[in-house]
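Heads up, the thing below is written out as structure tokens.
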There are 2 protein chains.
Amino acid sequence: MGAANSENPHIIRVKAGTVLFSPGQECQGFVKVHSGRIKVFLTAENGREIILYRVERGDICLQTFGCLVNQQLYSAEGRAENDVEIEIIPRPEFNRLIVSDTAFRDQVFSAVAARFKYFEFLIETVALSSVEVRLARILLRLMDDNKNVHATQEMLASEIGSAREVVSRQLNVFAAKGLVKIMRGKILLIALEKIEKIAKQSV
Amino acid sequence: MGAANSENPHIIRVKAGTVLFSPGQECQGFVKVHSGRIKVFLTAENGREIILYRVERGDICLQTFGCLVNQQLYSAEGRAENDVEIEIIPRPEFNRLIVSDTAFRDQVFSAVAARFKYFEFLIETVALSSVEVRLARILLRLMDDNKNVHATQEMLASEIGSAREVVSRQLNVFAAKGLVKIMRGKILLIALEKIEKIAKQSV
DNA sequence: TAATTATGTGTGACAAAGTCACAGACGGCG
DNA sequence: CGCCGTCTGTGACTTTGTCACACATAATTA
């Protein structure tokens, strides 16, 4: 990738939990994540949250894209989920790279396209799907190699834009059907095929 | 705008109601709208719809952006709301313009940024806001110069990702408070300030 | 180890929103 | 006028969200 050369001075390291940006702020440059993971989310007045997307190693943060291009302010909050290394690409440099560096341009465009697709999926999910379907989808997406989902019910709720109690009840429905095993801070997926079947429904 | 020159042969005219693209299709080129309006929306299995955004005169359709850049298939449906003239910019031409035509590039980037901002607003709206707030917001957005909203309750429901019956009930609540006057296919906004106050709530 | 605290989970009761079925009401139009 | 398609209203019920609080588990400290 032409963007990140070894002598680039714009590398910043931040600790897990750091708030990188929050609604209303201005931003200084285009952000590219070198390691770690950032979650970008919205918070309502009543405290309920919904996670818009995550920016992982190699990804570029499109929240900053909007800020830079249209002089918009941040509309969401970004927080480091673990220790993170990011590269800040100043605006002039960004403009130069877009024109001169085909690989960089392709990466940006590809990220934009992917984020659009995901946003449409997210809107479809929250606007048109039931909690049952949303929960099944997020369990599959967060599952590790051992079919475990390491997340509290609170975290799952913010992933699907619902409330913790609702997640608790739906998980117990799944457990009663033998689809999952509920543990503290962890869920084991047992009947993967059945969960996938639920996730494929559109409602 | 450098993109549209007068001898461009890629102008297409379509009638109101025409389906321009639907989920699963491939697309041939980047779409720019010269006149008319296209609505881009998602439909669930149970028939409920949500409108993602509209593409109006001068706008570019970013649904096609994703298709072109990442070889994705369309994930939403696009339908002409009135008679529409669109320009199709083939992929090679698009790539050439992005590099060589600063104004074109700025327009594309600006559209991308604006769409992102709107998507985040939409997600916040459907995931974290009540029907009361969402309905107030859409009434204000669709209002014409005479404070009239020309839309059936069915249309309003798909704008806010809810159901017609729910819109009917909420409108009657608004009417009982003297905020609006309900007519067939039309709603007159009476107490604009009060509606705006509701719209400003986050929940 | 036992007590304390913080965090995570379960649940009843109620409110808000979505679904289903159906009844009217209104606006063309023959 | 009467017919028909579209739009709107409403009761009954289900699902989801909210609030209050009880209880369980893990981490911390005495």
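A quick note: this is a predicted structure, and the numbers were derived from the prediction, not measured. Protein chains get the first letters and strands the later ones, always in sequence-line order, with residue 1 at the start of each.
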Write down the distance between CD (B/Glu132) and P (D/dG17), rounded to a whole number of angstrom. 18 Å

Using a heavy-atom cut-off of under 4.0 Å over every strand shown, decide if A/Met155 touches base, sugar-phosphate, or nothing. nothing

Residue pair A/Ser129/A/Glu165 against DNA chain D: nearer the 5' end by closest nucleotide is A/Ser129

Closest nucleotide of DNA chain C for A/Thr152 versus for A/Ala127: which of these residues is on the 5' side? A/Thr152

Measure from NZ or CZ of A/Arg115 to the centre of the six-membered ring of A/Tyr53, then state whether that distance is under 6.0 Å and the direction lies within 45° of the axis. yes

Looking only at side-chain N and O atoms, does A/Ser168 come under 4.0 Å of OP1 or OP2 in C/dG10? yes

Donor/acceptor link under 3.5 angstrom from A/Arg169 side chain onto base of D/dT14: no

Whole-Å distance, B/Arg134 CZ to C/dA16 C1', equals 11 Å

Pairwise 5' ranking along DNA chain D for A/Ser130 and B/Met183, keeping only the more 5' one: B/Met183

In whole angstroms, how far is the C1' atom of D/dG17 from the CG atom of B/Leu128? 12 Å

hbond_proxy B/Glu154 side chain to D/dC7 base (donor-acceptor, 3.5 Å cutoff): no

Using the salt bridge (Lys or Arg N to Asp or Glu O under 4.0 Å) rule, pick out the option among B/Arg141, B/Arg134, B/Arg137 that qualifies with B/Glu159. B/Arg141

Phosphate contact (C/dT19 OP1 or OP2) by B/Arg48 side-chain N/O below 4.0 Å: yes

Could you state the atom-to-atom distance from NZ of B/Lys186 to P of C/dA25 in whole Å? 21 Å

Tell me whether B/Arg48 contacts the main-chain N or O of B/Gly161 through its side chain, where contact means a donor paired with an acceptor under 3.5 Å. yes

Without decimals, in angstroms, what is the distance between A/Ile187 CD1 and C/dG8 P? 12 Å

Quick check: any donor-acceptor pair below 3.5 Å linking the side-chain of A/Arg164 to the base of C/dG10? yes

May I ask you to establish whether B/Lys177 and B/Phe174 are in a cation-pi arrangement, using a distance under 6.0 Å from NZ or CZ to the six-membered ring centre and at most 45° from the ring axis? no

Report which part of the nucleic acid A/Val166 touches: base, sugar-phosphate, or nothing (heavy-atom distance under 4.0 Å, all strands). base

Taking N and O atoms by type only, does the side chain of A/Arg184 place a donor or acceptor under 3.5 Å from a partner on the base of D/dT25? yes

Nearest whole Å is fine: how far is C/dG8 C1' from A/Leu171 CG? 13 Å

Rounded distance (Å) that lies between atom P of C/dA21 and atom CG of B/Asn46: 13 Å

Honestly, is A/Arg91 close enough over A/Phe30, meaning NZ or CZ under 6.0 Å from the six-membered ring centre and within 45° of the axis? no

Just to confirm, is there a sub-4.0 Å distance from OP1 or OP2 of C/dA16 to any side-chain nitrogen or oxygen of B/Gln170? no

Return the value, rounded to whole Å, for the distance between atom CG of A/Asn172 and atom P of C/dG10. 5 Å

